Amino acid sequence: MMTEKEKMLAGELYNPHDPELVNDRIQAKLATRSYNAVPENLERERAQRIKAILGATGETIWIESNFKVDYGYNIHVGENFYANYDLTILDVARVDIGDNCMIAPGVHIYTATHPVKAAERNSGVEYAKPVKIGHNCWIGGRAVINPGVTIGDNCVIASGAVVTNDVPDNVVVAGVPARVIQVIAQ
């Protein structure tokens with residue numbers, strides 16, 4: 001029989017109130033609170049702490065405070081990653097972000113989701129869908145990336161966009177829901 005954590009990581013319905021998962025979230029909150037409190041002039045300490053929170057990182061990474069996650073260990077970012085203030089990643093499932101990506105202030109990336117049927121949703125179970133962001137992407141301020149979305153390489157997600165569907169390579173998307181507004185010539 002699978003543990004609740006194994007169910008969560010497999011994308012199946014799971015109980016988020018499971019003690020192991022509650023503890024993992026508490027540890028992530030404590031670690032991010034500690035990271036957010038480290039002064040910006042202590043670059044080496046900040047880098048060490050953020051690398052300890054995330055599942056995998058490239059060598060060059062900078063995330064401004066306040067940074068919030070559910071677990072942290074499900075987040076994998078590539079080389080030369082920068083995130084501005086107030087990034088929130090609900091990493092119930094895996095979040096992969098490629099090399100040379102920039103994230104503007106207030107971006108939210110969600111993998112957590114809930115059943116559509118009220119009775120099932122009210123039972124407290126939930127599930128998650130992974131998010132993948134390709135290389136060389138720029139996510140604009142206050143954009144929201146929804147569960148299960150894959151964003152291709154070389155994309156720009158406009159400020160305030162709500163991305164509900166996959167995004168192909170080399171485009172700019174904007175709006176609610178986000179749609180392609182420009183193809184980027186390479």
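For this chain, numbers begin at 1 and follow the sequence in order. These numbers were taken from a predicted model, which means no experiment stands behind them.
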Participant: Sequence neighbours left out, what passes side chain to side chain contact (heavy atoms under 4.5 Å, CB included) with Pro19? Give chain and number order.
Facilitator: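 In terms of side chain to side chain contact (heavy atoms under 4.5 Å, CB included), with neighbours along the sequence ignored, Pro19 is linked to no residue.
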Participant: Which atoms form the tightest heavy-atom contact between Asn74 and Ala93, and what is the distance?
Facilitator: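 Asn74 and Ala93 have their closest heavy atoms at CB-O, 3.5 Å.
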Participant: Counting only heavy atoms from other residues, nucleotides and ligands, does the tally under 6.0 Å from CZ of Arg121 exceed 12?
Facilitator: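 Buried by this count: over 12 neighbours within 6.0 Å.
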Participant: Closer than 3.5 angstrom, by distance alone: can the side chain of Glu6 be matched with the main-chain N or O of Thr3 as a donor-acceptor pair?
Facilitator: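 It does hold such a pair.
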Participant: Name all pairs fulfilling the side chain to side chain donor-acceptor pair (under 3.5 Å) condition that reach into residues 161-173, sequence neighbours left out, sorted by first residue then second.
Facilitator: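 Residue pairs passing side chain to side chain donor-acceptor pair (under 3.5 Å), neighbours aside: Asn154-Asn170, Asn170-Gln186.
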Participant: State which residues pass ring pair (Phe, Tyr, Trp, His ring centres under 6.0 Å) with Tyr110; sequence neighbours excluded, sorted by chain then number.
Facilitator: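 Listed in chain order: His108.
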Participant: For Arg25, does the CZ atom have more than 12 heavy-atom neighbours from other residues, nucleotides or ligands under 6.0 Å away?
Facilitator: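 Result for CZ/Arg25: enclosed.
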Participant: Please find the pair of heavy atoms, one from Glu126 and one from Thr113, that lie closest to each other, and give the distance.
Facilitator: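 In terms of heavy atoms, the two residues are closest at CB-O, 3.3 Å.
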Participant: Got more than 12 heavy atoms from elsewhere within 6.0 Å of CD, Glu59?
Facilitator: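 Not more than 12 within 6.0 Å, no.
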Participant: Determine whether Val172 and Val180 fall in the same hydrophobic cluster, where Ile, Leu, Val, Met, Phe, Trp and Tyr are linked whenever their side-chain heavy atoms lie under 4.5 Å apart.
Facilitator: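 Looking at the clustering, Val180 is in a separate group from Val172.
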Participant: Quick check: do Met8 and Pro16 have side-chain heavy atoms less than 4.5 Å from each other?
Facilitator: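 Sidechains of Pro16 and Met8: no contact.
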Participant: Go through the structure and list residues passing ring pair (Phe, Tyr, Trp, His ring centres under 6.0 Å) with Tyr73, not counting sequence neighbours.
Facilitator: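 Testing Tyr73 for ring pair (Phe, Tyr, Trp, His ring centres under 6.0 Å), a comparison that skips the adjacent residues, returns Tyr71.
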Participant: Does one hydrophobic cluster hold both Leu90 and Phe67, with members joined at side-chain heavy-atom distances below 4.5 Å?
Facilitator: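 No, no single cluster joins them.
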Participant: Please tabulate, for side-chain N and O atoms in residues 97-106, each donor-acceptor pair with protein atoms closer than 3.5 Å (sequence neighbours left out).
Facilitator:
residue: Asp99; atom: OD1; partner: Glu79; partner atom: N; Å: 2.7
residue: Asn100; atom: OD1; partner: Asn80; partner atom: ND2; Å: 2.9
residue: Asn100; atom: ND2; partner: Asn136; partner atom: OD1; Å: 3.3

Participant: Might you point out which heavy atoms bring Thr111 and Pro147 nearest each other, and give the distance in Å?
Facilitator: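 Heavy atoms of Thr111 and Pro147 come nearest at O-CB, 3.5 Å.
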Participant: Would you say Val149 ends up clustered with Val69 if hydrophobic residues are merged whenever their side chains have heavy atoms under 4.5 Å apart, either directly or through other cluster members?
Facilitator: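 Yes; Val149 is reachable from Val69 via cluster members.
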Participant: Can you find a heavy atom in the side chain of Arg94 that is under 4.5 Å from one in the side chain of Lys132?
Facilitator: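 SC-SC contact between Arg94 and Lys132 ruled out.
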Participant: Any idea which heavy atoms bring Leu13 and Glu120 closest together, and the distance?
Facilitator: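 Taking every non-hydrogen atom into account, CD1-OE2, 3.0 Å.
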Participant: To the nearest 0.5 Å, how far apart are OG1 in Thr57 and CD1 in Ile63?
Facilitator: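 With rounding to 0.5 Å, OG1 (Thr57) is 9.0 Å from CD1 (Ile63).
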Participant: Hydrophobic clusters here meaning ILVMFWY residues chained together by side-chain heavy-atom distances under 4.5 Å, can you tell me if Ile151 and Val183 are in one?
Facilitator: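 In one cluster with Ile151: Val183, yes.
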Participant: Could you name each residue pair satisfying ring-ring contact (aromatic ring centres under 6.0 Å, His included) that touches residues 111-164, not counting sequence neighbours?
Facilitator: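 Counting only pairs at least two positions apart or across chains, no ring-ring contact (aromatic ring centres under 6.0 Å, His included) contact touches residues 111-164.
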Participant: How long is the straight-line distance from CD1 of Ile184 back to SG of Cys155, given to the nearest 0.5 Å?
Facilitator: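 Between atom SG of Cys155 and atom CD1 of Ile184 there are 6.5 Å.
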Participant: Go through Tyr35 and Gln48 one step at a time and tell me if the side chain to side chain contact (heavy atoms under 4.5 Å, CB included) criterion holds.
Facilitator: CA-CA 9 Å; Tyr35 170 77; Gln48 289 172 341; over 6 Å; no
Participant: With the side chain counted from C-beta on, respond yes when Asn146 and Val162 share a heavy-atom pair under 4.5 Å apart, and no when they do not.
Facilitator: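 Heavy-atom side-chain distance check passes, below 4.5 Å.
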Participant: Is there side-chain contact between Trp62 and Glu43, with heavy atoms separated by less than 4.5 Å?
Facilitator: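 Answer yes - side chains close enough.
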Participant: What's the spacing between Ile139 CD1 and Ile133 CD1 if we round to 0.5 Å?
Facilitator: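 Reported to 0.5 Å precision, the distance equals 4.5 Å.
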Participant: Are Ile89 and Val144 linked, directly or through other ILVMFWY residues, by side chains that come within less than 4.5 angstrom of each other?
Facilitator: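 No; Val144 is not reachable from Ile89 via cluster members.
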Participant: Locate the shortest heavy-atom distance separating Val92 from Ala112; write the atom from each residue and the value.
Facilitator: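 Closest approach of Val92 to Ala112, heavy atoms only: CG2-CB, 3.7 Å.
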Participant: Rounded to the nearest 0.5 Å, what's the gap from CZ on Arg49 to CD1 on Ile53? Could you check?
Facilitator: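 Rounded to the nearest 0.5 Å, the CZ-CD1 separation comes out at 8.5 Å.
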Participant: For the residue pair Glu64 and Tyr82, confirm or rule out a side-chain donor-acceptor distance under 3.5 Å.
Facilitator: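 Per modelled atom types, Glu64 and Tyr82 side chains form a pair under 3.5 Å.
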Participant: If the threshold is 4.0 Å, N to carboxylate O, is there a salt bridge linking Glu4 and Lys7?
Facilitator: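 Judged by the 4.0 Å cut-off on N to carboxylate O distance, Glu4 and Lys7 do form a salt bridge.
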Participant: Would you call Lys5 and Asp18 a salt bridge, using N to O less than 4.0 angstrom?
Facilitator: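 Looking at Lys5 and Asp18, the cut-off is not met.
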Participant: How far apart are the C-alpha atoms of Asp96 and Val131, what are their side-chain angles, what is the distance that settles it, and do they pass the side chain to side chain contact (heavy atoms under 4.5 Å, CB included) test?
Facilitator: CA-CA 6 Å; Asp96 286 297; Val131 168; over 6 Å; no
Participant: Output the distance between atom OG1 (Thr32) and atom CD (Gln27), rounded to the nearest 0.5 Å.
Facilitator: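 Between Thr32 OG1 and Gln27 CD, I get 11.0 Å after rounding to 0.5 Å.
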Participant: Of all heavy-atom pairs between Ile75 and Asp91, which one has the smallest distance, and what is that distance?
Facilitator: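 The answer is CG1-CB, 3.6 Å.
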Participant: Set out, in order, the CA-CA distance, both residues' side-chain angles and the distance that settles side chain to side chain contact (heavy atoms under 4.5 Å, CB included) for Ile61 and Lys51, then state yes or no.
Facilitator: CA-CA 8 Å; Ile61 178 173; Lys51 288 177 180 184; 3.7 Å; yes
Participant: Would one find more than 12 heavy atoms of other residues, nucleotides or ligands at under 6.0 Å from atom NZ of Lys29?
Facilitator: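 Not more than 12 within 6.0 Å, no.
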Participant: Would you say Glu20 and Asn23 make side-chain contact, with heavy atoms under 4.5 Å?
Facilitator: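 Answer no - side chains too far apart.
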